[in-house]
Amino acid sequence: EAPCPYNSIPYDYRMSQMWVEGTLGIVPKLAPKIMLNEEGQNITLSDNTAMFAKWAKRWQDEEPYRFTKAIHNYAATNLIPRHLGPEYVIHGAKLYSPWD
């Protein structure tokens with residue numbers, strides 16, 4: 001989905017959208033501005049509901065997501081280096097140098 005507007009949606013949120021689309025058939029609504037190409041014309045997205053439904057059926061008896069403490073979401077968070085551990089950071093944080 002890299003060359004389409006879905007690429008502008010954070011990974012974890014997009015994964016949940018795909019799961020909802022596959023299990024409930026609800027296609028996410030996207031903001032009108034990200035549905036425009038470079039010339040300002042509307043983009044038509046491919047219909048992936050059938051593929052997501054196939055995935056949902058394949059994983060219905062298992063938990064399709066794995067939870068980890070290795071990834072942290074620091075969206076809109078101001079941090080100094082000592083606040084960070086060995087985790088991978090998603091949704092970047094503003095990192096400041098300490099004064100000490």
With E39 via salt bridge (charged side-chain N to carboxylate O under 4.0 Å, His left out) - residues at least two apart: none

Residues that T23 engages under side chain to side chain contact (heavy atoms under 4.5 Å, CB included), provided they are two or more places apart: W19, A56

Remaining members of hydrophobic cluster (4.5 Å side-chain criterion), V20: L24, I26

Under the side chain to side chain donor-acceptor pair (under 3.5 Å) test, residues paired with T49 that sit two or more places apart: E21, D47

Those residues that, when tested against D61, pass side chain to side chain contact (heavy atoms under 4.5 Å, CB included) (two or more places apart): none

Side-chain heavy atoms of I43 within contact of L36, under 4.5 Å: no

